[in-house]
Amino acid sequence: MTTKLLIADDEKNIRMGLQAMIEREFSGLYECVLVKDGREAWQHVKLFLPELVITDIRMPIMDGIMLMQHIRELEPEHRPLVIILSGYDEFQYAREAIRCGAREYLLKPIVREELFGALAVLNEELKQRNHLTYDSVVNVERDRLVGGMDNCAMVDRSGSMTRAIQYIHAHYSEDLNMAVVSNSVSLNYTYFSQAFKAYTGLSFVQYVKRLRIAEAKKLLECQGGKIYEIAANVGFDNAKHFNKVFRELEGMTPQQFRVQNQRGN
């Protein structure tokens, strides 16, 4: 089964080059559509319903940031995963792209290993999204939580967890808590807490911490931006807490990570 991939860039050579690279590396995996600007991309997102979008950040008529803002308005199950391309190694571009929901931020000229690595990660995420069934989650819940639910209800629970994950990824930079997320998928708070742990293997707090730190690492790899700005942009209310959580998960401070991983160093 092919994955629908939309490539948006105002430079024809880049569009064609990306398609050629991807189709050589992942033969038969993608069904590609190429467009030249953000407005055309948005029309294709609504009609073509791609699962992945690769878009330049700077395009005429509608840029990549505005395109992602439109994509965020879609229902979670219709939102494609987005890779942003940019010729600008600047913090404000990366920050805005990630705030709008970009999964990856790649600099031009594109390094094929980085592109292939990003696609491999997102392919795995799509695989998990598209092949979730109640077998892997609800069988655990059935014994522990719901007893005699019929299969239709269990499938609905599994779908609720998928939507919850998508909601978290769309809103991790905001003041997010479990009550907000459980309400967003219309589940009881206590049930949601137990089902989420069964589904992800992590508590809600652990999951959100890991997601925020993963997004912070992307920003730290770009030049510029103060640590407290990065903390705020991934949902931490203060830099001290951000530093503490970062050290817990990564074994080093954000500044140490930046020095070790920043491009050009």
Side-chain angles (χ1 to χ4, degrees), residues 1-89 93-132 159 162-163 165-167 169-171 215 218:
M1 183 176 180
T2 59
T3 297
K4 294 180 179 180
L5 170 62
L6 178 68
I7 300 173
D9 197 295
D10 57 326
E11 297 183 54
K12 183 177 180 180
N13 288 342
I14 292 179
R15 296 195 301 271
M16 300 293 290
L18 285 169
Q19 181 182 20
M21 279 196 297
I22 291 168
E23 290 183 345
R24 279 197 300 267
E25 182 70 13
F26 303 97
S27 179
L29 182 58
Y30 294 103
E31 176 188 352
C32 296
V33 169
L34 311 184
V35 297
K36 64 183 181 299
D37 61 58
R39 185 171 66 184
E40 190 178 351
W42 174 230
Q43 294 302 318
H44 275 77
V45 166
K46 291 185 291 184
L47 297 174
F48 180 61
L49 295 179
E51 293 152 295
L52 288 174
V53 171
I54 300 176
T55 178
D56 191 12
I57 203 166
R58 288 289 193 98
M59 294 182 291
I61 305 178
M62 180 190 294
D63 63 18
I65 296 296
M66 187 174 294
L67 173 61
M68 284 192 295
Q69 289 171 345
H70 283 303
I71 286 173
R72 289 187 71 176
E73 297 171 359
L74 296 172
E75 292 297 319
E77 62 269 23
H78 294 147
R79 287 180 201 152
L81 304 180
V82 179
I83 297 174
I84 278 281
L85 310 179
S86 177
Y88 303 89
D89 190 6
Y93 289 108
R95 178 179 62 184
E96 187 66 13
I98 291 172
R99 187 187 69 80
C100 289
R103 289 295 200 274
E104 298 288 342
Y105 182 89
L106 302 180
L107 289 176
K108 294 179 178 179
I110 301 301
V111 177
R112 69 177 62 228
E113 289 76 14
E114 292 183 358
L115 174 63
F116 296 159
L119 286 170
V121 169
L122 297 189
N123 274 339
E124 186 60 32
E125 185 172 341
L126 284 173
K127 189 183 299 183
Q128 293 175 6
R129 176 195 288 186
N130 294 336
H131 294 86
L132 283 173
T162 305
R163 295 195 304 276
I165 295 294
Q166 292 168 344
Y167 185 93
H169 278 262
H171 298 278
E215 298 300 330
K218 295 177 187 177

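Bear in mind the structure is a predicted one, so any value in this text is a computation, not a measurement.
Checking side-chain atoms of Arg15 against main-chain N and O of Asp9 turns up a donor-acceptor pair under 3.5 Å. Distance alone, capped at 3.5 Å, is enough to place a donor-acceptor pair between the Lys4 side chain and the Phe48 backbone.
The structure places CD1 of Ile14 at 8.0 Å from CG of Leu85, a figure rounded to the nearest 0.5 Å. Atom OH in Tyr30 sits 4.0 Å away from atom CG in Leu119 (nearest 0.5 Å). Considering CG of Leu67 and CG of Asp56, their distance stands at 11.0 Å, rounded to 0.5 Å. Rounded to the nearest 0.5 angstrom, Cys32 SG and Leu52 CG are separated by 9.5 Å.
Nearest heavy atoms, Gly87 versus Lys108: CA-CB, 4.2 Å. Nearest heavy-atom pair across Pro50 and His44 is CD-O, 3.9 Å. Smallest separation of non-hydrogen atoms from Arg79 and Ala170: NH1-CB, 3.5 Å. When every heavy atom of Gly28 is checked against every heavy atom of Thr2, the shortest pair comes out as O-CG2, 3.3 Å. The nearest pair of heavy atoms linking Thr55 to Gly64 is OG1-CA, 4.0 Å.
Here the side chains of Ile22 and Leu5 are in contact, with some heavy-atom distance below 4.5 Å. By the 4.5 Å heavy-atom criterion applied to side chains, Glu96 and Gln69 are counted as neighbours.
Within the structure, salt bridge (Lys or Arg N to Asp or Glu O under 4.0 Å) contacts touching residues 23-47 (residues at least two apart or in different chains) are Lys36-Glu40.
The aromatic rings of Trp42 and His70 lie parallel to each other, with less than 30° between the two planes, well short of the 60° mark.
Only one option out of Glu51, Glu125, Glu124 pairs with Arg103 in a salt bridge (charged side-chain N to carboxylate O under 4.0 Å, His left out); it is Glu125.
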